[in-house]
Protein chains: 2
Amino acid sequence: MRRVTIYSVAQACGVSSSTVSRAFSRPDLVNESVRQRILTTAAEMGYRPNRSARATATGRTGMIGLVVPDITNPFLPLLVRAVQRAAGLADWSVLLVDAEGDPTAESQLITQLQGQVDGLILASPRAHPVALREAIRDLPCVLINREIAGLASVICDNSAALASIGDHLLEMGHHRVALVGGPADSWVAAQRATTVRGWASRAGVILDDLGPFEASFDGGRAAGAALLTTDATAVFAFDDVMACGVLAELARRGVTVPGERSVVGCDDVLMARMVTPSLTTVTAPTDQLGSAAVDLLDRTIDEPRAGPENRTLPGTPALRESSGPPATP
Amino acid sequence: MRRVTIYSVAQACGVSSSTVSRAFSRPDLVNESVRQRILTTAAEMGYRPNRSARATATGRTGMIGLVVPDITNPFLPLLVRAVQRAAGLADWSVLLVDAEGDPTAESQLITQLQGQVDGLILASPRAHPVALREAIRDLPCVLINREIAGLASVICDNSAALASIGDHLLEMGHHRVALVGGPADSWVAAQRATTVRGWASRAGVILDDLGPFEASFDGGRAAGAALLTTDATAVFAFDDVMACGVLAELARRGVTVPGERSVVGCDDVLMARMVTPSLTTVTAPTDQLGSAAVDLLDRTIDEPRAGPENRTLPGTPALRESSGPPATP
DNA sequence: TTGAAAGCGCTAACAG
DNA sequence: CTGTTAGCGCTTTCAA
């Protein structure tokens, strides 16, 4: 009852180990009937290919590392699922690594992944670009929601969606809106802020620039409090989590939404539908982000010399209960 | 500029490859000064041990598989983090696998992990015990929040916490409460239901047994509607997600909480603090669950013949805004 | 404390 | 289409 290897299967089938190997990894190169025989006896014997052995032989582990800045951010589980699904289709396993909110941990963790994965997907990394590049070395790598020169990336462009929601607010009569910024070192936060500022100046809307706040529920509550010091009738929050914080703070103070203030989030995490009132937000194309990232990584691995590709996917507006016409005084 | 291996490092140091190998994996067996020299030149050369090669040689991958039923369930990211952290301390990598809500996928995915991981942690698996055992084979395995004869497990026992919250409700004057059951095939759901029923009969409280409902936000909304057909003044929901659904439905219908109905959840996910009113619930000892699971797995791997160990950790009550005295008619 | 050498299970030319 | 034969990078006896 020793371990089942290609050798034991080969012996049981009266073929050579290479044939068994081929039956699994290069099925087209082996006679159909022989292949069937091998496959069935292998199944009977309970054979499982040893991935590590294959990896030493081929130099490929069949694994990709997925590094997330903070798995408790509700946006990430959806992305993780999307990446896993796409990776599975390409017969890759995903090694998930959580930086637990610490930007410097990111680069360390990446370093540790060297020699363990064939490639890397970094979801909205917060680490310093220099540290990041150093950690990545020459591992094939794709960024999600961040751009760094020389690296492939997939980004979600929310500008059209945010502008469209802005226009909608304007039509409803909001002429003064607030912007709740995310963390100062966040690439997406900067993107979104720029977008909203651009829209406001184009639309001739007065913008109250609040923050930056911590990108958390409590950060959102603080932002909610800050919002009330302004005359803005609507607010763009950095993301849904913060928007939920804003909603909670407004509710606590008895401020009605959308009557007294309209609130807009970003990402469309599950929670956005669950809160009361449900949140007007921008839906990120999570599945496409994941599969695009895997797709790009695939190419980067196969053709390391090809220049880094960048792909942009648009978010879509989701108008819900938290936005509406301002109360007419 | 070829790949850096123990051989290149050995050559650069004027020692044999075995010595380099030992310098990393058995540091005590090599002369301190030699070791230092090896370590520094290895670092300079950018050497990274090849995990796959080590795995083929030792028969251990250094990876554990973590199978979750549905990563979008907000309880799981917290658990994932806890497991990862504990695993990292023991120098293990975690291969996360998401069954995307499909119980039969669980066993398939487990099968695929064979030969790829040294052990398995299954978080509240929903699959049939027979299928599960078959898939697991003789891979060391620890269950979280489910018991199956012959397998090690770590479970969170909420009975004391739920009873204590029940008693508190009773003291405040609730004499009729409802129970919103989770999915029929869920082990935890059955546990919790039994606990609440037991408490109710002991406390002499009338129990309205609703459900089972789908364990989702929408399931919770349905439950909220069902709740209003009863005279119960308080409700125990299967988990926080459902409880949030109940809250949302009650809010939609203008039913006040806790004035007209009190709502109790279970798990204490991030969302529980974010909803308005914040949710009275049972806090699961997530970190301990994770580290206990890793700890048990460690033992199971080291001493496969030792009988399966089972560990129980208590949840703790968290009284928040969603529970209070019933309106006096 | 170190080195030589034999594997670990699998793949990949290269012949046949 | 199939078998032979080297490795892949690392660990681990066994001697020295």
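Hydrogens, waters and symmetry mates are skipped; everything else that's a heavy atom, side chains included, is used. Small disclaimer: the values here were computed from a predicted structure and weren't measured.
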**Student:** For the backbone of B:G62 and the side chain of B:D118, can you confirm whether one donor and one acceptor N or O come within less than 3.5 Å of each other?
**Tutor:**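 Present.
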
**Student:** Counting distance alone, no hydrogens or angles: does the base of D:dC8 have a donor or acceptor under 3.5 Å from a partner atom on the side chain of B:Y7?
**Tutor:**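 Side chain to base: no pair below 3.5 Å.
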
**Student:** Carefully, step by step, assess A:D138 and B:R3 under the rule salt bridge (charged side-chain N to carboxylate O under 4.0 Å, His left out).
**Tutor:** CA-CA 12 Å; A:D138 35 31; B:R3 256 220 278 305; over 6 Å; no

**Student:** Thinking salt bridges, do A:D98 and B:R85 make one under a 4.0 Å N-O criterion?
**Tutor:**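 No salt bridge links A:D98 with B:R85.
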
**Student:** If you take any heavy atom closer than 4.0 Å to DNA chain C, which residues from residues 17-35 of chain A end up in contact?
**Tutor:** A:S18, A:S21, A:R22, A:S25, A:R26

**Student:** Tell me the interatomic distance from B:Q116, atom CD, to C:dC8, atom P, rounded to whole angstroms.
**Tutor:**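 About 22 Å, once rounded to whole Å.
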
**Student:** Residues of residues 39-63 of chain A with any non-hydrogen atom less than 4.0 angstrom from an atom of DNA chain D: list those, numerically ordered, please.
**Tutor:** A:T56, A:A57

**Student:** Where the side chain of B:T58 meets the backbone of B:R54, is there a donor-acceptor pair that is under 3.5 Å apart?
**Tutor:**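 Checking the backbone N and O of B:R54 against the side chain of B:T58, a donor-acceptor pair under 3.5 Å is found.
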
**Student:** Please determine which of B:I110, B:L66, B:L113 meets the side chain to side chain contact (heavy atoms under 4.5 Å, CB included) test together with B:V97.
**Tutor:**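 Only match with B:V97 under side chain to side chain contact (heavy atoms under 4.5 Å, CB included): B:L113.
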
**Student:** Give the angle between the helix axes at the two ends of the helix from C:dT1-D:dA16 to C:dG16-D:dC1, taking five base pairs at each end and rounding to 10°.
**Tutor:** 30°

**Student:** Using only atom types and a distance under 3.5 Å, with no angle test, would you say the side chain of A:S25 pairs donor to acceptor with the backbone of A:S21?
**Tutor:** yes

**Student:** Between C:dG9 atom P and B:Q114 atom CD, what is the distance in whole Å?
**Tutor:**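 Going from B:Q114 (CD) to C:dG9 (P), I get 16 Å.
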
**Student:** Between the side chain of A:D267 and the main-chain N/O of A:V269, is any donor-acceptor distance below 3.5 Å?
**Tutor:**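 Not at all, since once roles are kept as given, no pair shorter than 3.5 Å links the two residues.
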
**Student:** C:dG3 C1' sits how many Å from B:Q11 CD, rounded?
**Tutor:** 15 Å

**Student:** Rounded to whole Å, how long is the line connecting atom CD1 of B:I6 with atom P of D:dC8?
**Tutor:**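 In whole Å, D:dC8 P and B:I6 CD1 are 12 Å from each other.
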
**Student:** Within the side chain of A:Q116, is there an N or O that forms a donor-acceptor pair under 3.5 Å with the backbone of B:N50?
**Tutor:**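 Not at all, since once roles are kept as given, no pair shorter than 3.5 Å links the two residues.
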
**Student:** Please lay out, stage by stage, how A:D185 and A:R146 fare under the test salt bridge (charged side-chain N to carboxylate O under 4.0 Å, His left out).
**Tutor:** CA-CA 12 Å; A:D185 61 346; A:R146 173 152 174 196; over 6 Å; no

**Student:** Between B:T286 and B:A284, is there a donor-acceptor pair closer than 3.5 Å when you use the side chain of the first and the backbone of the second?
**Tutor:** yes

**Student:** Counting only N and O atoms by type, is there a donor-acceptor contact under 3.5 Å from the side chain of B:E147 to the main-chain atoms of B:S153?
**Tutor:** no

**Student:** Does B:T5 make a side-chain N or O approach to OP1 or OP2 of D:dG9 shorter than 4.0 Å?
**Tutor:** no

